[in-house]
**Q** 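Provided herewith is a single structure, encoded as structure tokens, for subsequent inquiry.
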Amino acid sequence: MTRTRTPVVVLSGRLGSGKTTLLNHLLRAGAGRIGVIINDFGAINVDALFVAGHVDAARSIAGGCLCCLSDTSELDRALRGLGALDLDAIVVEASGLAEPRELARLVISSSVRGVRFGGVVEVIDTAAWAEEGRYDEPPVALDHLRVASLGVVHKTDRVAPDQVDRLEELLARLAPPLPLVRAEHGQVDPELLYDKGARGLRAGQLSFAEVLADVHDPHRSHSHATAIAVDDPRPVDPGRLLAWLEARPTGVCRVKGTTWIDAPGHRGRWVVQAVGGWVAFERGPWPRGQEPGTRLVAIGTDVDAAAVEREVRALLDDEGERGETDVLPLLRYLRA
Ligand SMILES: Nc1nc2c(ncn2[C@@H]2O[C@H](COP(=O)(O)OP(=O)(O)OP(=O)(O)O)[C@@H](O)[C@H]2O)c(=O)[nH]1
């Protein structure tokens, strides 16, 4: 019996749009055996830390966008490792800055046997688009929409239904007829993702030849962002952390990671997420084998990296245990 080639699906979407959330949903949904390749931008691969434990095989590529790494064989190496396994799909979670066209090109032209390009899924942050209020402008670059085989209109719980309709009308005008699916918290039917490669191109979608032919310089095509990573065994000062998150340095558009809070009643691991003006905390146990500590990544454009790193390091707490009341201001950002 001929073994069918494993589809490689690229998950693309701007910083904080919900790619890891969607990936976790796929893994938890138990829809087949999935391999994942996670490409995070910072030196600490925070996304890899956040991915659910149900993954059958995982490879992590940290330290730069796949499409900007000088060694483009990194993806091939990861695919080779996974391609040998009997998987139903491989999902590549791109960093929020990667160029999907470039990633598609890397997968299409990969010489790794046993895998095939399975399409680009563009995760669209409806909440960020509504927050920015530029209702006639696309939520992502048009080129991203033209490469995509599916658009996930995501975070619909954070906006009014008429805004979701408005975004979908805009997308239908700009990139007809990109199939769209609405989702909250990544809850997309896995069937929609794995079959895409087999179905061929929709009208208006770039063909493989077009993706391959248009040799462009990925370094020019996305803004140059900087990721500042701090990994330290100390807890954070909750008050200073919140004040910094609420008034982040100019240019820092994304903060994520885990922090350690050492205060009675609130002691433990607090996951921090900030996208644009939005901040959230989630509490949870330390994954087995992980020592308590603070691992934060701040991502931004035109930032003074040394100054941001100093600011993040200043959040670390040398004064020992905090009082319960120090944590209270964080509670209004705490998600169940
Ligand atoms: N309200 C709401 N929040 C969501 C939804 N999807 C994701 N989030 C939250 O948005 C934040 C960012 O989600 P991630 O899945 O980490 O986003 P990402 O695209 O992987 O982020 P980067 O890898 O940094 O680009 C997290 O706090 C998620 O819990 C959603 O549908 N609704």
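Just so you know, these numbers use all the heavy atoms, side chains as well, and skip hydrogens, waters and symmetry mates. Every number for a ligand or one of its atoms is a count from 1 in the order of the listing. In this chain, residues are counted from 1 in sequence order.
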**Q** Salt bridge between R173 and E169, side-chain N to carboxylate O under 4.0 Å?
**A** no
**Q** Any nitrogen or oxygen of S95 lying under 3.5 Å from a nitrogen or oxygen in ligand 1? Just yes or no.
**A** no
**Q** Has ligand 1 got any nitrogen or oxygen that is less than 3.5 angstrom from a nitrogen or oxygen of R254?
**A** yes
**Q** Suppose I only count heavy atoms of E93 and a 4.0 Å limit; which atoms of ligand 1 are within that range?
**A** 20 (O), 23 (O)
**Q** Just by modelled atom types, is the I124 backbone N or O under 3.5 Å from a matching donor or acceptor in the K155 side chain?
**A** no
**Q** For the pair C253 and L15, evaluate side-chain contact (heavy atoms from CB on, under 4.5 Å) and give the outcome as yes or no after the intermediate values.
**A** CA-CA 8 Å; C253 56; L15 283 166; 3.7 Å; yes
**Q** Is the closest heavy-atom distance from R335 to ligand 1 below 4.0 Å?
**A** yes
**Q** Give the atoms of ligand 1, by number and element, whose distance to some non-hydrogen atom of T21 is under 4.0 Å.
**A** 6 (N), 7 (C), 13 (O), 14 (P), 15 (O), 28 (C)
**Q** Between the side chain of W129 and the main-chain N/O of E137, is any donor-acceptor distance below 3.5 Å?
**A** yes
**Q** If you measure from each non-hydrogen atom of Q273 to ligand 1, which part falls under 4.0 Å: side chain, backbone, both or neither?
**A** side chain
**Q** For R295, is there an ion pair with D231 - N to carboxylate O distance below 4.0 angstrom?
**A** yes
**Q** At under 4.0 Å between heavy atoms, which part of F281 makes contact with ligand 1: side chain, backbone, both or neither?
**A** neither
**Q** For E184, counting its heavy atoms only, list the atoms of ligand 1 lying under 4.0 Å from any of them.
**A** 31 (O)
**Q** So is A280 close enough to ligand 1, meaning a heavy atom under 4.0 angstrom away?
**A** no
**Q** Check ligand 1 against R158 and write out every atom of the ligand that is under 4.0 Å from a heavy-atom position of the residue.
**A** 1 (N), 2 (C)
**Q** Does any N or O atom in A183 lie less than 3.5 angstrom from one in ligand 1, N or O only?
**A** no
**Q** Would you find a donor on one side and an acceptor on the other, under 3.5 Å apart, between the side chain of T259 and the backbone of W270?
**A** yes
**Q** Is the contact between D157 and ligand 1 made by the side chain, the backbone, both, or neither, using heavy atoms and a 4.0 Å cut-off?
**A** side chain
**Q** Would you check whether K256 has a nitrogen or oxygen atom less than 3.5 angstrom from a nitrogen or oxygen atom of ligand 1?
**A** yes
**Q** Check this for me, if you would: do R105 and E102 make a salt bridge, where the nitrogen-to-carboxylate-oxygen distance has to be below 4.0 angstrom?
**A** yes
**Q** Between D165 and R182 (salt bridge meaning N to carboxylate O under 4.0 Å), is one present in this structure?
**A** yes
**Q** Looking just at side-chain N and O atoms, do T20 and E93 make a donor-acceptor pair shorter than 3.5 Å?
**A** yes
**Q** Can a non-hydrogen atom of G13 be found less than 4.0 Å from any atom of ligand 1?
**A** no
**Q** Do D232 and T294 have side-chain atoms, one donor and one acceptor, less than 3.5 Å apart?
**A** no
**Q** Which is closest to atom 6 (N) of ligand 1 in terms of heavy atoms, R14, K19, R182, H154?
**A** H154
